[in-house]
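Note that these values count all heavy atoms, side chains included, but never hydrogens, waters or copies made by symmetry.
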Amino acid sequence: MDPRTDQLRLFLGQLKPSGAAVFNLGSPGRQGMYFVADGGNICELLMQVNFMMAESPSTPRLHGREVPLDPDKLAAWIRANI
């Protein structure tokens, strides 16, 4: 998912509070695969990855800062925004 868009909030917003997810987040050349559970209380960087990413002009950009890629900062962002 692109950290400059609302994709992650929309994706994680569909999870049950006790749900968990594994997803890729970042931009080409700077991506990670993350595991998130317990409403963002558990957030782990599983591995650095470098996959091709699809871009969609219909995906709205975030206003302000990008979603952080550091696991601790990402966990705080999830707790505050999901």
ask   = So, for Pro3 and Ser27, which heavy atoms are closest and what is the spacing to 0.1 Å?
value = CD-N, 4.4 Å
message = Using the side chain to side chain contact (heavy atoms under 4.5 Å, CB included) definition, which of the options Val22, Leu74, Asn24, Leu46 pairs with Tyr34?
response = Leu74
query = Does CZ in Arg30 sit with more than 12 non-hydrogen atoms of other residues, nucleotides or ligands closer than 6.0 Å?
reply = no
query = If every non-hydrogen atom of Gly40 is compared with every non-hydrogen atom of Ala75, which pair is closest and at what distance?
reply = O-CB, 3.2 Å
message = Leu8 and side chain to side chain contact (heavy atoms under 4.5 Å, CB included): which single residue from Val36, Asp2, Ile82, Val67 fits?
response = Val67
key: Joint cluster assignment, Leu10 & Ile78, ILVMFWY side-chain distance < 4.5 Å   = no
key: Glu66 vs Trp77 side-chain heavy atoms within contact, under 4.5 Å   = no
key: In one Ile/Leu/Val/Met/Phe/Trp/Tyr side-chain cluster, 4.5 Å: Phe23, Leu69   = yes
task = Mind checking the CD-CZ spacing from Gln14 to Arg9? Nearest 0.5 Å is all I need.
result = 9.5 Å
ask   = What is the minimum heavy-atom distance between Leu15 and Ala21, and which atoms define it?
value = CD1-CB, 3.8 Å
inquiry  = Looking at Lys73, is its backbone amide N or carbonyl O close enough to the side chain of Asp70 to form a donor-acceptor pair, meaning the two atoms are under 3.5 Å apart?
reply    = yes
